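The shown structure was predicted, so the numbers you read here are calculated from the model rather than taken from an experiment. These numbers come from the heavy atoms of this one structure, side chains and all, not from hydrogens, waters or symmetry mates. Naming convention: chains lettered A, B, ... in sequence-line order (proteins, then strands); numbering from 1 in each chain.
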Number of protein chains: 2
Amino acid sequence: MQKLDSTDREILKYLQENAHLTTKELASRLNLSPTPVYERVRRLENDGVIKKYVAVIDREKIGKDLMVFCNIRLKEHAQEAGKKFVEEIVKLTEVIECHNISGEYDFMIKVVVDDMREYQSFLMNKLASLENIGSTHSIFVMSEVKNETKFEV
Amino acid sequence: MQKLDSTDREILKYLQENAHLTTKELASRLNLSPTPVYERVRRLENDGVIKKYVAVIDREKIGKDLMVFCNIRLKEHAQEAGKKFVEEIVKLTEVIECHNISGEYDFMIKVVVDDMREYQSFLMNKLASLENIGSTHSIFVMSEVKNETKFEV
DNA sequence: GGTGAAACTATACATTG
DNA sequence: CAATGTATAGTTTCACC
């Protein structure tokens, strides 16, 4: 896999904003013909630089009004115990993100649910029922100021 | 804007996984003809339920090896002061997310940069130079266990 | 709400320079 | 990388159920 040049970076910039841009439209933005653009996009896809194309949904328009960051400390830190936790947590559809973090907690997960009732049920019935959970600490999102999917390339 | 029925929800489920699905492909998955699918997708777009379609980039393949959650406490909590902070923080391209949160900090931001050197420079030159920053606390992501863009609809 | 066909438009990809 | 050509596939509309 070769390094990205400035044309690749421009392509990524545009596709991170709009996945429905056609080769033609991209080409005209880059002052190129469609041919090289087509080849570069395919290369970026094959190399896995572009992982996938997705639709971004308005969370509140589908009634997911509550977002919570939940910090989790495990009881046991043995490799096996951690692996087990990870296997289980990724299965939960309410868990959008899970990160292994530095600091006083082991993991931070981002949870999206309809409302507080559902979050409570998530905590009590799903999270707490996993083995090896030591303690949790929930931080509630009061308002979303910025939420991008895009990186500066 | 009408409520979503189960067909809408199925469409959203598929498009959240792959924005490049065509009307035809969606239709065959839903056992429908292209026409209603086409109309529903357009309605979902117009209603803003589908905000946009984006390419998802592999963060590490473009050298963004460091992700940090940075908790921020403001000095002044007057509405004006908070507004000013928000206006400035959203401009920073390293800041992928910014949430107004409950608890001992006012905001949590998600920052993506190349390496620790760049993060240090971000903290010192960009974040600290905003007015009204009281204190910050960085939590480093050691490994990304799950990172979805998708909600269960 | 849905079907199915028809018309139109755009795209992907190969070829040649 | 440009330009062109063409097979193929997509979008969109319409008449009808």
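Close to dT11(D), at under 4.0 Å from its OP1 or OP2, lies a side-chain N or O of Thr23(B).
Regarding Lys24(B), its NZ atom lies at a distance of 18 Å from the P atom of dT9(C), rounded to whole Å. When rounded to the nearest whole Å, the span between CD of Glu45(A) and P of dT11(C) equals 15 Å. Counting to the nearest Å, the P atom of dT11(C) and the NE2 atom of His20(B) are 11 Å from each other. The CD-P distance, from Glu39(B) to dG4(C), rounds to 15 Å in whole Å. In this entry the distance linking OH of Tyr38(B) with C1' of dC14(D) reads 13 Å, nearest Å. The CG atom of Asn31(A) sits 12 Å away from the P atom of dA3(D) (whole-angstrom rounding). In this structure, the CZ atom of Arg40(B) is 10 Å from the P atom of dT3(C), given to the nearest Å. Rounded to whole Å, atom P of dG1(C) lies 16 Å from atom CZ of Arg42(B).
Scanning atom types as modelled, one donor and one acceptor separated by under 3.5 angstrom connect the side chain of Thr35(B) and the base of dG4(C).
Distances from the side chain of Thr22(A) to the nucleotides dA2(D), dT3(C), dA10(C) place dA10(C) closest. Which of dT13(D), dA2(D), dG4(C) sits closest to the side chain of Leu32(A) comes down to dA2(D). Nearest to the side chain of Pro36(B), among dA2(D), dA10(C), dT3(C), sits dT3(C).
Ile139(B) CD1 to Tyr105(A) OH: the interatomic distance, rounded to the nearest 0.5 Å, is 9.5 Å.
In this structure, Lys84(A) does not pair ionically with Glu76(A), as no charged nitrogen and carboxylate oxygen lie closer than 4.0 Å. Residues Lys51(B) and Asp58(A) are not paired through a salt bridge, judged by the lack of any N-O separation under 4.0 Å between the basic side chain and the carboxylate.
Between Phe140(A) and Tyr119(A), the two ring planes are perpendicular [angle over 60°; tilted spans 30° to 60°].
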